Amino acid sequence: MKIAVTSQARPRVAQPLADSGWLERVDDPAEARGHDWLLQLDRDRLALSRPGEQGKPVVVDFSEGPVGWRRARAHQERLVRACGLTRAHPPREIVDTTGGFARDTGLLTAGGARVTLLERHPLLHSLIADGVARAEPGLAQQIQLVHAEGTDWLAGRSQILDVVYMDPMFPPIRSKQALKKEQHWLRLLAGEPSAQEEHHLLTTARTHARRVVVKRPHDAQPLDGVPPHHHLPGPAVRFDVYD
Ligand SMILES: C[S@@+](CC[C@H](N)C(=O)[O-])C[C@H]1O[C@@H](n2cnc3c(N)ncnc32)[C@H](O)[C@@H]1O
């Protein structure tokens, strides 16, 4: 993977990405041609784009865009309810094992949770780290970001966790409907986990947590073929709950 990073953006890169050997510094974004990705600053935010592609870059920002709007009504979100976060409940500790662009963690924190957020991909981890660093202090304190492989991290826990959440990459869609840009880029960057990886992640999570919540396409088989105890259906995605 070849990632062009502008001189202004370079100091904002987190250590795992700095150590990856993927970065090449450029003085001008126009020099990014021939690279897979470009990192630059957009309104003082670390921003990801594809050299030569039009459109807005992707940033992790907990206060803006669709996530900011959904955060305002988080208690109506099925994800928040599936994780057992209600106004009546005290805040819960949730481990989000599949960070991505941290959209779901944004909803969980708005629902009152403290989230340990795991992401194994150095580029995605770096974008999240920048989003957390810019978040208002109360929100930033709710998130502990860890650059880690989810199964390994869970296997190292000695205490039973409250809730573990996972959103592994969906299987490729069959319909002609185009993937949204963020989903498409997540797929390009992180790829689909193997059946064995999914099996280990789910099994380890169920061993170490009181509740496991899995995001699935609405019409897909349950993860690893293991039926959940109940689920929250929806038009595009459903949340499978293992208690
Ligand atoms: C579909 S995306 C998750 C999107 C995320 N829920 C969001 O709201 O933006 C899956 C992400 O999980 C990460 N991932 C998948 N399996 C993982 C594992 N076992 N440990 C850590 N990260 C993992 C991938 O690198 C990818 O960034």
Side-chain angles (χ1 to χ4, degrees), residues 1 3 14 16-17 20 22 37 48 58-62 64-71 74 77-80 82-83 94-111 113 115-132 135 143-157 161 163-173 179-209 212-217 220 223-224 234 236-240:
M1 178 164 334
I3 305 170
L17 181 57
S20 66
W22 296 339
W37 301 96
L48 181 68
V58 172
V59 297
V60 174
D61 191 320
F62 294 102
E64 265 199 358
V67 174
W69 179 78
R70 288 174 70 189
R71 277 176 56 82
E77 291 283 339
R78 284 172 302 128
L79 166 65
V80 169
C83 290
I94 298 184
V95 180
D96 180 347
T97 54
T98 50
F101 292 124
R103 306 308 185 213
D104 288 334
T105 278
L107 295 178
L108 292 170
T109 49
V115 180
T116 302
L117 177 53
L118 312 180
E119 175 53 61
R120 66 183 172 189
H121 194 290
L123 177 51
L124 291 160
H125 167 269
S126 199
L127 289 167
I128 301 174
D130 186 68
V132 174
I143 303 173
Q144 192 202 355
L145 174 64
V146 187
H147 178 242
E149 206 290 320
T151 304
D152 295 346
W153 189 92
L154 289 170
R157 297 308 98 194
L161 303 162
V163 182
V164 170
Y165 170 63
M166 62 187 71
D167 171 20
M169 203 72 65
F170 287 180
I173 51 167
L179 281 178
K180 290 202 181 106
K181 180 165 81 181
E182 287 194 7
Q183 293 165 334
H184 177 53
W185 285 12
L186 280 172
R187 183 169 284 281
L188 283 178
L189 280 165
E192 225 181 303
S194 66
Q196 201 183 27
E197 280 181 306
E198 290 184 343
H199 168 77
H200 287 314
L201 187 59
L202 181 62
T203 310
T204 312
R206 291 189 66 200
T207 311
H208 286 83
V212 177
V213 177
V214 183
K215 189 195 261 186
R216 298 294 287 157
L223 196 70
D224 198 30
V237 302
R238 67 165 202 269
F239 293 96
D240 288 350

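Just so you know, ligand 1 is whichever comes first in the structure, and atom 1 is the first atom listed for that ligand. From a predicted model like this one, the values you see are computed outputs, not experimental measurements.
Atom numbering of ligand 1 starts at 1 in the shown order; those under 4.0 Å from a heavy atom of Ala148 are 20 (N), 21 (C). Near Ala102, with a cut-off below 4.0 Å to any heavy atom, the atoms of ligand 1 are 7 (C), 9 (O). Counting atoms of ligand 1 from 1 in the listed order, those under 4.0 Å from a heavy atom of Gly150 are 18 (C), 19 (N), 20 (N), 21 (C). Close contacts of ligand 1 with Ala190, meaning ligand atoms under 4.0 Å from a residue heavy atom, involve 24 (C), 25 (O), 26 (C). Each of the following atoms of ligand 1 lies closer than 4.0 Å to a heavy atom of Leu124: 27 (O).
Residue Glu119 has at least one nitrogen or oxygen atom sitting less than 3.5 Å from a nitrogen or oxygen atom of ligand 1, judged on distance alone. The shortest N or O to N or O distance between Pro168 and ligand 1 is not under 3.5 Å.
Counting only distance, with no hydrogens or angles, the side chain of Glu77 and the backbone of Val80 share no donor-acceptor pair below 3.5 Å. Not one N or O on the side chain of His199 forms a donor-acceptor pair closer than 3.5 Å with the backbone of Ala195. No donor-acceptor pair closer than 3.5 Å links the side chain of Glu119 to the backbone N or O of His147. Using modelled atom types, one side-chain atom of Thr109 and one backbone atom of Gly106 make a donor-acceptor pair closer than 3.5 Å.
Considering only non-hydrogen atoms, atom 10 (C) of ligand 1 lies nearest to Asp167 out of Leu123, Thr204, Asp167. Closest heavy-atom approach to atom 19 (N) of ligand 1 among the candidates Arg103, His200, Glu149: Glu149.
With a 4.0 Å cut-off on non-hydrogen atoms, Thr97 touches ligand 1 through its backbone and not its side chain.
For atom 12 (O) of ligand 1, the closest non-hydrogen atom of the protein is Thr98 CB, 3.1 Å. Distance from atom 9 (O) of ligand 1 to its nearest protein heavy atom, with residue and atom name: Phe101 N, 3.0 Å. Annotation: atom 8 (O) of ligand 1 to nearest protein heavy atom, Asp104 N, 2.8 Å. Looking only at protein heavy atoms, the nearest one to atom 5 (C) of ligand 1 is Gly99 O, 3.4 Å.
Ile94 is not listed as a side-chain neighbour of Val213, based on a closest heavy-atom distance of 4.5 Å or more. Between Leu117 and Ile128 there is a side-chain heavy-atom pair separated by less than 4.5 Å.
Using a cutoff of 4.0 Å between basic side-chain nitrogens and carboxylate oxygens, Glu197 and Arg120 are scored as salt-bridged.
For Trp22, the ring pair (Phe, Tyr, Trp, His ring centres under 6.0 Å) test picks out His121, with sequence neighbours left out.
Between Tyr165 and Phe239, the ring-plane angle classifies as tilted under the 30° and 60° cut-offs.
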